2 protein chains.
Amino acid sequence: MLKDIIDNNENYQPGLSIDCVIFGFHDNQLKVLLIKVERANKWSLPGGFIPVDQDIDTAAITVLNSRTGVEGIFLRQFATFGKVNRNHQHFDKKTLEYLQIEEEKGKWLMRRFVTIGYYALVDFSKILPNPTGRMEIVEWIDHKEVPELILDHREILDKALDTLRIELNLMPIGYNLLPEKFTIPELQKLYETILDKKLDRRNFLRKITNIGILTKLDEKKSNVAHKAPNLYSFDKEKYDEVLKNGLNQGW
Amino acid sequence: MLKDIIDNNENYQPGLSIDCVIFGFHDNQLKVLLIKVERANKWSLPGGFIPVDQDIDTAAITVLNSRTGVEGIFLRQFATFGKVNRNHQHFDKKTLEYLQIEEEKGKWLMRRFVTIGYYALVDFSKILPNPTGRMEIVEWIDHKEVPELILDHREILDKALDTLRIELNLMPIGYNLLPEKFTIPELQKLYETILDKKLDRRNFLRKITNIGILTKLDEKKSNVAHKAPNLYSFDKEKYDEVLKNGLNQGW
DNA sequence: CATTAATGTGTTATTATGACGCAATGTAAT
DNA sequence: ATTACATTGCGTCATAATAACACATTAATG
């Protein structure tokens, strides 16, 4: 908990934090995992601090696991945010009192903070949004309906989505966001949602299959209206290969 | 100077620094600006610390200006490096003594540091590599001949170049690296050097002119062996437009 | 059993790319 | 001066990638 960290703040990097933009996909919506601590009236990105004996990537993984309960997730650093006033007056006396943090110790929190942004892609269906033992609400929220966030978290979220959009042209995506078996229309919806743009069904199929990362299964989706679409899975080996080498070289 | 910063370390973000990979282009070589402080046997990237009352971007600009003397430069944050041991045992007692830094104050330097990486593209011809009043050697070094660097600076440099290679597909480049007037073969050499790959002359011309950011001048390069190539300049307005909107959308 | 709203599988025109050919130009050698 | 040579400028052609669209197929629904 926050109080434990502050009471032992010498074990953490001062003035430096991590914030995670955790993306999931459900009901044809790109969802973001947001949290709201008691007493707060705004939502925030899940974040944390950096133990002095942990790599920042490790600290980011810790943040992610503590909120989602899953491991082996796609996690990527995308930017660091360091405007002087980004956390100005974020913790006031009343909040510190409420959190039972001594005024002296509280100064550690009140200093200027720089935060390192990570974004994660996770399988919505595997995540339990509300792990026990935390005094906070954790919720998946459609990225188009994100309410006002604390500090510069809105800017961080936007930047994460921008990065994701750009990286969509450089790497395959979906393995981390979709269940093991999925349909092409589902994958297309994912792309359309991220890009906020309609794509042509038939051109999408051609382009996505040409990448060579999909395995067509001998199985159709059941319980659907209209024609049952075919199920696909990712060929993990080829997927990872393309992830490493990138696609769309350009030059 | 370093001693001044350490003596007033309460004015700087603790455990956080900035390192800049400054690229220039000259003699068909991609150059990197490296520095070597007295007494050190390894080179390092120009870096600095972050005043508590300055945005990190501002602090990066300061680092850049103090080393190159130019303003209005292309500067971009590309990654943050935070392995636990990245600066382990970098400053030892002897070095601190030499720098006339008290042992107590020196502890500020010995803690674990996270560094934010920026890369810059500058016009080689406009930079004075050795600004006066600094007890250090500043030098342009061909990126293929970079000697051993301190800490993880090699990793930072490699990552900067990787980023540059990727961004070459997303934005035009050259405005910041070439003189005002340049030839197509020069621009091609720049691309080839960054990508470490030969490109076809004729296809390059077609692709680069199709972007619509070049103005063909009514002037040829003089004093050259063989046929004199035509001079071009960038159409800054269109260049900035493409910079903003990006090229090669992909999806 | 026809309707409907999806999916699966094409075609065609246009554009971008990769791999070249060849003439023009200016320096350097004879 | 004439010629050789390296380099530039401006093409062509075959192939691949992309955009736009047509039509048959499928399964739930009334």
Side-chain angles (χ1 to χ4, degrees), chain A residues 27-28 165 168-172 174 178 181-193 195-233 242 245-251, chain B residues 27-28 165 168-172 174 178 181-193 195-233 242 245-251:
Chain A
D27 278 345
N28 288 339
R165 279 185 184 139
L168 215 54
N169 295 321
L170 307 173
M171 64 182 193
L178 295 174
K181 297 174 181 180
F182 54 89
T183 68
I184 298 289
E186 279 167 1
L187 185 56
Q188 182 180 338
K189 285 277 160 45
L190 171 60
Y191 272 76
E192 289 182 338
T193 307
L195 294 167
D196 196 23
K197 181 163 101 178
K198 276 270 162 213
L199 299 174
D200 183 275
R201 241 169 11 96
R202 297 144 286 186
N203 294 335
F204 179 81
L205 172 67
R206 182 157 34 97
K207 193 161 172 179
I208 205 78
T209 49
N210 275 345
I211 298 175
I213 53 173
L214 293 177
T215 308
K216 188 171 182 174
L217 302 176
D218 197 17
E219 201 176 344
K220 285 173 191 299
K221 183 142 181 146
S222 54
N223 281 334
V224 287
H226 317 300
K227 179 169 179 177
N230 221 303
L231 284 170
Y232 284 77
S233 71
V242 177
N245 300 332
L247 42 88
N248 269 356
Q249 299 296 358
W251 288 101
Chain B
D27 278 346
N28 288 340
R165 279 183 185 142
L168 215 54
N169 295 320
L170 307 174
M171 65 183 192
L178 295 173
K181 296 173 181 181
F182 55 90
T183 68
I184 298 289
E186 279 167 1
L187 185 56
Q188 183 180 338
K189 285 277 160 46
L190 172 60
Y191 272 76
E192 289 181 339
T193 307
L195 295 167
D196 196 23
K197 180 164 102 178
K198 276 269 162 216
L199 300 174
D200 183 274
R201 243 172 6 100
R202 298 147 282 190
N203 294 335
F204 179 81
L205 172 67
R206 186 181 39 192
K207 195 162 171 178
I208 205 79
T209 49
N210 274 345
I211 299 176
I213 53 173
L214 293 178
T215 307
K216 188 173 184 172
L217 303 176
D218 197 18
E219 200 175 344
K220 285 172 191 297
K221 185 145 181 140
S222 54
N223 281 336
V224 287
H226 316 298
K227 179 170 178 177
N230 221 303
L231 284 170
Y232 285 77
S233 69
V242 177
N245 300 331
L247 43 88
N248 269 355
Q249 299 297 356
W251 288 100

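Note that the coordinates shown come from a computational prediction; the quantities given were computed from them, not determined experimentally.
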Could you tell me the separation between the [atom1] atom of [X] and the [atom2] atom of [Y], rounded to the nearest 0.5 Å?
{"X": "A:Thr209", "Y": "A:Tyr232", "atom1": "OG1", "atom2": "OH", "value": "7.0 Å"}
{"X": "B:Arg206", "Y": "B:Ile211", "atom1": "CZ", "atom2": "CD1", "value": "12.5 Å"}
{"X": "A:Leu231", "Y": "A:Lys216", "atom1": "CG", "atom2": "NZ", "value": "11.0 Å"}
{"X": "B:Thr183", "Y": "B:Lys220", "atom1": "OG1", "atom2": "NZ", "value": "11.5 Å"}

Whole angstrom value for the distance that separates [atom2] of [N] from [atom1] of [X]:
{"X": "A:Leu231", "N": "C:dT7", "atom1": "CG", "atom2": "C1'", "value": "13 Å"}
{"X": "B:Leu205", "N": "D:dG11", "atom1": "CG", "atom2": "P", "value": "10 Å"}
{"X": "A:Leu199", "N": "C:dT7", "atom1": "CG", "atom2": "P", "value": "14 Å"}
{"X": "B:Phe204", "N": "D:dC10", "atom1": "CZ", "atom2": "P", "value": "15 Å"}
{"X": "B:Lys198", "N": "C:dA19", "atom1": "NZ", "atom2": "P", "value": "15 Å"}
{"X": "B:Asp200", "N": "C:dA16", "atom1": "CG", "atom2": "C1'", "value": "14 Å"}
{"X": "B:Glu186", "N": "D:dT7", "atom1": "CD", "atom2": "P", "value": "14 Å"}
{"X": "B:Glu219", "N": "D:dG9", "atom1": "CD", "atom2": "P", "value": "14 Å"}

Do the non-hydrogen side-chain atoms of [X] and [Y] ever get within less than 4.5 Å of each other?
{"X": "A:Asn203", "Y": "A:Leu199", "value": "no"}
{"X": "A:Asn169", "Y": "B:Asn248", "value": "no"}
{"X": "A:Pro229", "Y": "A:Ile184", "value": "no"}

Hey, does A:Lys216 reach any base, or is it just sugar-phosphate, or nothing, if we go heavy atoms under 4.0 Å?
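Sugar-phosphate contact only - A:Lys216 comes under 4.0 Å of backbone atoms but never of a base.
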Side chain to side chain contact (heavy atoms under 4.5 Å, CB included) partner of A:Pro172, chosen from A:Ile213, A:Ile208, A:Leu214:
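Only match with A:Pro172 under side chain to side chain contact (heavy atoms under 4.5 Å, CB included): A:Ile213.
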As a test of understanding, state which of A:Lys207, A:Glu192, A:Arg165 forms a side chain to side chain contact (heavy atoms under 4.5 Å, CB included) with B:Trp251.
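Among A:Lys207, A:Glu192, A:Arg165, the one that satisfies the side chain to side chain contact (heavy atoms under 4.5 Å, CB included) with B:Trp251 is A:Lys207.
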Donor-acceptor pair present, A:Arg202 side chain and D:dA19 base, under 3.5 Å:
no
Does the C:dG8 base have a donor-acceptor partner in the side chain of A:Arg201 within less than 3.5 Å?
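Donor-acceptor pair under 3.5 Å: yes.
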Closer to the 5' end of DNA chain D via nearest nucleotide, is it B:Tyr232 or B:Trp251?
B:Tyr232
Might you list the N or O atoms of the protein lying below 3.5 Å from N or O atoms in nucleotides 12-18 of chain D, with each pair's distance?
from, atom 1, to, atom 2, distance (Å)
D:dT18, OP1, A:Lys207, NZ, 3.4

With 3.5 Å as the limit, what N/O pairs link the protein to nucleotides 24-29 of chain D?
from, atom 1, to, atom 2, distance (Å)
D:dT25, O2, A:Lys227, NZ, 3.3

